[in-house]
Amino acid sequence: MKTEIIRARTAVDMAAVRQIRSQVFILEQQVPPELEWDELEERAVHVLCRRDGAPAAAGRLVVTDGRAKIGRVAVLKRYRGQGLGAAVCRKLIEIAHDEGAREIYLNAQLHARGFYEKLGFTARGEIFEEAGIDHVRMVYDEPCG
Ligand code: COA
């Protein structure tokens with residue numbers, strides 16, 4: 001089985017990213033579309049994972065004043081538990097380093113805290129609600145340049 005993880009640049013790549021996120025966040029998790037497609041979408045770096053050529057997972061990174069925020073990490077249901085979510089996050093961390101980010105953080109859905117802990121993130125602060133889902137802020141511990 002072939003796994004490809006790329007920075008999404010073309011219209012075809014971006015259509016695949018949107019299709020994955022529509023399926024996972026809007027259909028499965030009932031996130032309102034107007035929250036899913038926010039104003040950061042245009043300037044974010046998007047990552048797409050394909051398994052044997054088929055779109056399987058996605059995520060994005062937004063760098064603001066040297067702080068990199070990972071978000072919208074989504075794996076289609078049938079591809080979960082195969083390391084793709086972790087691979088997308090590692091690619092986003094690598095891009096954050098390349099962009100010279102001083103800090104990497106994310107707002108994790110509470111159920112995914114253990115997933116991000118395995119990647120080196122630590123929860124900080126209170127639990128809060130976003131799009132009707134409980135979240136916690138998490139920070140990447142490894143110093144990044
Ligand atoms: N809680 C704790 N650990 C988890 C976990 C969870 N919810 N999901 C995966 N893990 C663990 C795996 O067991 C694996 O551990 P291992 O390295 O010891 O084998 C490791 O984390 C990597 O898992 P991986 O196979 O890469 O996860 P995945 O491809 O299934 O992706 C999500 C995980 C959360 C991205 C995926 O379930 C998903 O898309 N969920 C719906 C959307 C979502 O909630 N996104 C997160 C928004 S913050």
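Numbers for residues simply follow the sequence, beginning at 1. Predicted, not measured: the structure shown is a model, and the values here were computed from it. Indexing begins at 1, ligand by ligand and atom by atom, following the structure's order.
Here is the list of ligand 1 atoms found below 4.0 Å of a heavy atom in G114: 2 (C), 3 (N). Which parts of ligand 1 touch L84 is read off a 4.0 Å heavy-atom cut-off, strictly below it: atoms 26 (O), 29 (O).
Between the side chain of R60 and the main chain of L92, no donor-acceptor pair closer than 3.5 Å is present.
Between Q29 and ligand 1, at least one pair of N/O atoms sits closer than 3.5 Å. Considering backbone and side-chain atoms alike, Q82 places an N or O below 3.5 Å from some N or O of ligand 1. Polar contact check, A74 against ligand 1: no nitrogen or oxygen pair lies under 3.5 Å apart. For the pair E28 and ligand 1, the shortest N or O to N or O distance does not fall below 3.5 Å. Looking at G83 next to ligand 1, an N or O pair under 3.5 Å apart turns up. For the pair V73 and ligand 1, the shortest N or O to N or O distance falls below 3.5 Å.
Residue Y79 holds its OH atom at 9.0 Å from SG of C49, rounded to the nearest 0.5 Å. With values rounded to the nearest 0.5 angstrom, I93 atom CD1 is found 5.0 Å from I70 atom CD1. The NZ atom of K2 lies 8.5 Å from the CG atom of D52; values are rounded to the nearest 0.5 Å. Distance CD/E28 to CD/Q30: 9.5 Å, rounded to 0.5 Å.
The shortest contact between atom 48 (S) of ligand 1 and any protein heavy atom is with Q109 N, 3.2 Å. Of all protein heavy atoms, the one closest to atom 38 (C) of ligand 1 is R80 NE, 3.5 Å. Remark: minimum distance from atom 29 (O) of ligand 1 to any protein heavy atom is reached at G85 N, 2.8 Å. Among protein heavy atoms, the minimum distance from atom 2 (C) of ligand 1 is reached at F115 N, 3.4 Å. G81 N, 2.9 Å is the protein heavy atom nearest to atom 30 (O) of ligand 1. Ranking protein heavy atoms by distance to atom 26 (O) of ligand 1, first place goes to A86 N, 2.9 Å. Among protein heavy atoms, the minimum distance from atom 1 (N) of ligand 1 is reached at H111 O, 3.6 Å. Summary of contacts: the protein heavy atom closest to atom 42 (C) of ligand 1 is V24 CG1, 3.5 Å.
Of all the heavy atoms of V75, the ones lying under 4.0 Å from any atom of ligand 1 are found in both the backbone and the side chain. Residue contacts with ligand 1, taken as heavy atom pairs separated by less than 4.0 Å, involve K118 solely via side-chain atoms from C-beta onward.
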Item to check | Trace of the side chain to side chain contact (heavy atoms under 4.5 Å, CB included) decision for L61 with V47 | outcome: CA-CA 8 Å; L61 185 81; V47 161; over 6 Å; no
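Counting heavy atoms from C-beta outward, I104 and F121 have side chains that approach closer than 4.5 Å. Here the side chains of Q82 and T3 are not in contact, with every heavy-atom distance at 4.5 Å or above.
Under the 4.0 angstrom criterion, atom 12 (C) of ligand 1 counts as lacking any protein heavy-atom contact. Per-atom contact check: atom 4 (C) of ligand 1 touches the protein, criterion being a heavy-atom distance below 4.0 Å. For atom 19 (O) of ligand 1, the nearest protein heavy atom lies 4.0 Å or farther away.
Taking the six-membered ring where tryptophan is involved, the planes of F128 and H135 are essentially parallel, since the angle between them stays under 30° and well short of 60°.
No salt bridge links R72 with E41; every basic N to acidic carboxylate O contact stays at or beyond 4.0 Å.
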Which atom pairs, one a donor and one an acceptor, fall under 3.5 Å between side chains of residues 106-114 and the rest of the protein, sequence neighbours left out?
{"residue": "N107", "atom": "OD1", "partner": "R137", "partner atom": "NE", "Å": "3.4"}
{"residue": "Q109", "atom": "OE1", "partner": "Q29", "partner atom": "NE2", "Å": "3.1"}
{"residue": "Q109", "atom": "OE1", "partner": "H111", "partner atom": "NE2", "Å": "2.7"}
{"residue": "Q109", "atom": "NE2", "partner": "Q29", "partner atom": "OE1", "Å": "2.8"}

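Sorted by first and then second residue, the side chain to side chain donor-acceptor pair (under 3.5 Å) pairs with a member in residues 6-18 read T10-D13, D13-R50; sequence neighbours excluded.
The minimum heavy-atom distance between L84 and A56, with the atom names listed, is CD1-CB, 3.8 Å.
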